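Keep in mind that this is a model prediction, so the values were computed, not measured. So that the names make sense, note that chain A is the first sequence line, chain B the second, and so on, each numbered from 1.
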There are 2 protein chains.
Amino acid sequence: MRISGLSRVTGVPVATIKYYLREGLLFPGRLTSSTQALYDEAHTARLRLIRALLGPAGLSITQVRDVLRIIDDPGPDMFDLLGRVQCATMLPSQRPDTAAAEELIGRAGWHIEPDSPEMHRLAAALDGLAAAGFVPPEGMLERYAAGLHQLASAEIAHIPTESAEAAVRYTVLGTLLIEPVLLALRRLAQQDAARRRFGAPTTG
Amino acid sequence: MRISGLSRVTGVPVATIKYYLREGLLFPGRLTSSTQALYDEAHTARLRLIRALLGPAGLSITQVRDVLRIIDDPGPDMFDLLGRVQCATMLPSQRPDTAAAEELIGRAGWHIEPDSPEMHRLAAALDGLAAAGFVPPEGMLERYAAGLHQLASAEIAHIPTESAEAAVRYTVLGTLLIEPVLLALRRLAQQDAARRRFGAPTTG
DNA sequence: CAATAATAGATAGTTTTAATATCCAATATC
DNA sequence: GATATTGGATATTAAAACTATCTATTATTG
């Protein structure tokens, strides 16, 4: 398959494929001459993965490159892997006040590196709430933490251990591509809960 | 307070404040002459809200404008309100295949408008998973749905009903600004769960 | 009261990101 | 041999979110 074929089966324009090649997201095809190269199913799968990370997962080109690097060359440490994936998908951020975040995590009983990027992410998110003048109801954050820990435990329990590739793939995609699913499900759950509380609109 | 004071207390550059004024996000100050206007605490609160929506909530200028319009002029219908907020923060999207989404929602027993934007959002998210070749473990999506419905029910139960303004504020901010909190908590929960499963790294 | 600074409002410019488009020499294909 | 396609390099575009400049006015200050 040449580049036009790759474009046809994935729906990604040739110019864009060339762009991803330049950016090092997509590995080059096998050159058969100075002006021809062949692409195979590995390229189509890779291209689809790139598009999923750029689209639904909402990553930038740079973040996709970092994540793909981890997929291509994962270290041996499974615990560390999770942290590296999460780091790769953080926006570089200021250092907000982590006091509220640490208190919340402490009350939840979690053991977390206090200065980790993810703690900063939580701190920044709580900062946003405070800046907007939103005070969550008593105990609400703890409830979020408990609920999400249940889900996270199930996710971690499902990480396959027989093959490193499978583990990496599961971890990366499970971390990143599930996020939009969660947000969509939350909004739909809110609609259902709101319908139960406030009554359905008279549709149909 | 003049514009420079507003800039000072919020940390937002004057040029940016003028930009938000042009874009209609921030209501103009009270003119005291052709080249002077006064701003008050309402402006600082509004400005902080704008920044929270643009930053932590990750909205675009256009989405912020739509959300603020709802805050400024909410209709009477509480059920409808939730839907309108959610619509305002959707990216315009294609019409993906909603079959998988509908099946999931059906199994969860939720009553949702099948052709709603949020269903499309869920469908797009599931599409992303599929495109990347990720198959969630059996029953995992149902578990997400159940867990999030619990949280959503608590959220909806806390919507204040005594004042329309309070309800709108709670709904808008609770929908949008909690999202980054949830994602951060999920990642931290994953780290804690991973530590329990794979053991902590030998830190310190 | 003169000099200096600040402001509203308009317009123009910048930066970043992600993608397209154009060229050209070198194949491939008909 | 004529036409089309490609790899690779370079250039251009489009959108979003700011940021800077300019001008005619006010304020403020010494």
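Applying the side-chain contact (heavy atoms from CB on, under 4.5 Å) rule to A/S33 yields the partners A/T35, A/Q36; only residues at least two apart in sequence or on another chain are considered. Considering only residues two or more places apart in sequence or on other chains, A/S34 meets the side-chain contact (heavy atoms from CB on, under 4.5 Å) condition with none of them. Residues that satisfy the side-chain contact (heavy atoms from CB on, under 4.5 Å) test with B/P137, not counting sequence neighbours, are A/H158, A/Y170, B/M140. Residues passing the ring-ring contact (aromatic ring centres under 6.0 Å, His included) test with B/Y19, sequence neighbours excluded: none. Contacts of B/D115 classified as side-chain contact (heavy atoms from CB on, under 4.5 Å), with partners at least two apart in sequence or in another chain: B/R95, B/H120.
Taking 4.0 angstrom as the limit, A/S34 places none of its side-chain polar atoms (N or O) nearer than this to OP1 or OP2 of D/dG7. At the phosphate of D/dT26, neither OP1 nor OP2 sits under 4.0 Å from any side-chain N or O atom of B/T32.
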Nucleotide by nucleotide, 5' to 3', does protein get under 4.0 Å of the base (B), only the sugar-phosphate (S), or neither (-) in nucleotides 11-24 of chain D, counting heavy atoms? ------BBB-----

Review item, side-chain donor-acceptor pairs of residues 122-134 of chain A, under 3.5 Å, at least two apart:
none

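Both A/I3 and B/S33 sit near DNA chain D, but only A/I3 has its closest nucleotide nearer the 5' end. For the pair B/V14 and A/R2, both in contact range of DNA chain C, the more 5′-proximal nearest nucleotide belongs to B/V14.
The OG1 atom of B/T16 lies 10.5 Å from the CG atom of B/L54; values are rounded to the nearest 0.5 Å.
B/L21 comes within 4.0 angstrom of no nucleic acid atom, judged by non-hydrogen atoms across all strands.
When DNA chain C is scanned 5' to 3' for any atom under 4.0 Å from a heavy atom of chain A, the first and last hits are C/dA18 to C/dT29.
For the side-chain hydrogen bond (donor to acceptor under 3.5 Å, both in side chains) condition, the pairs that include at least one residue of residues 65-75 of chain B, sequence neighbours left out, are B/E23-B/R65, B/R46-B/D72, B/D66-B/R69.
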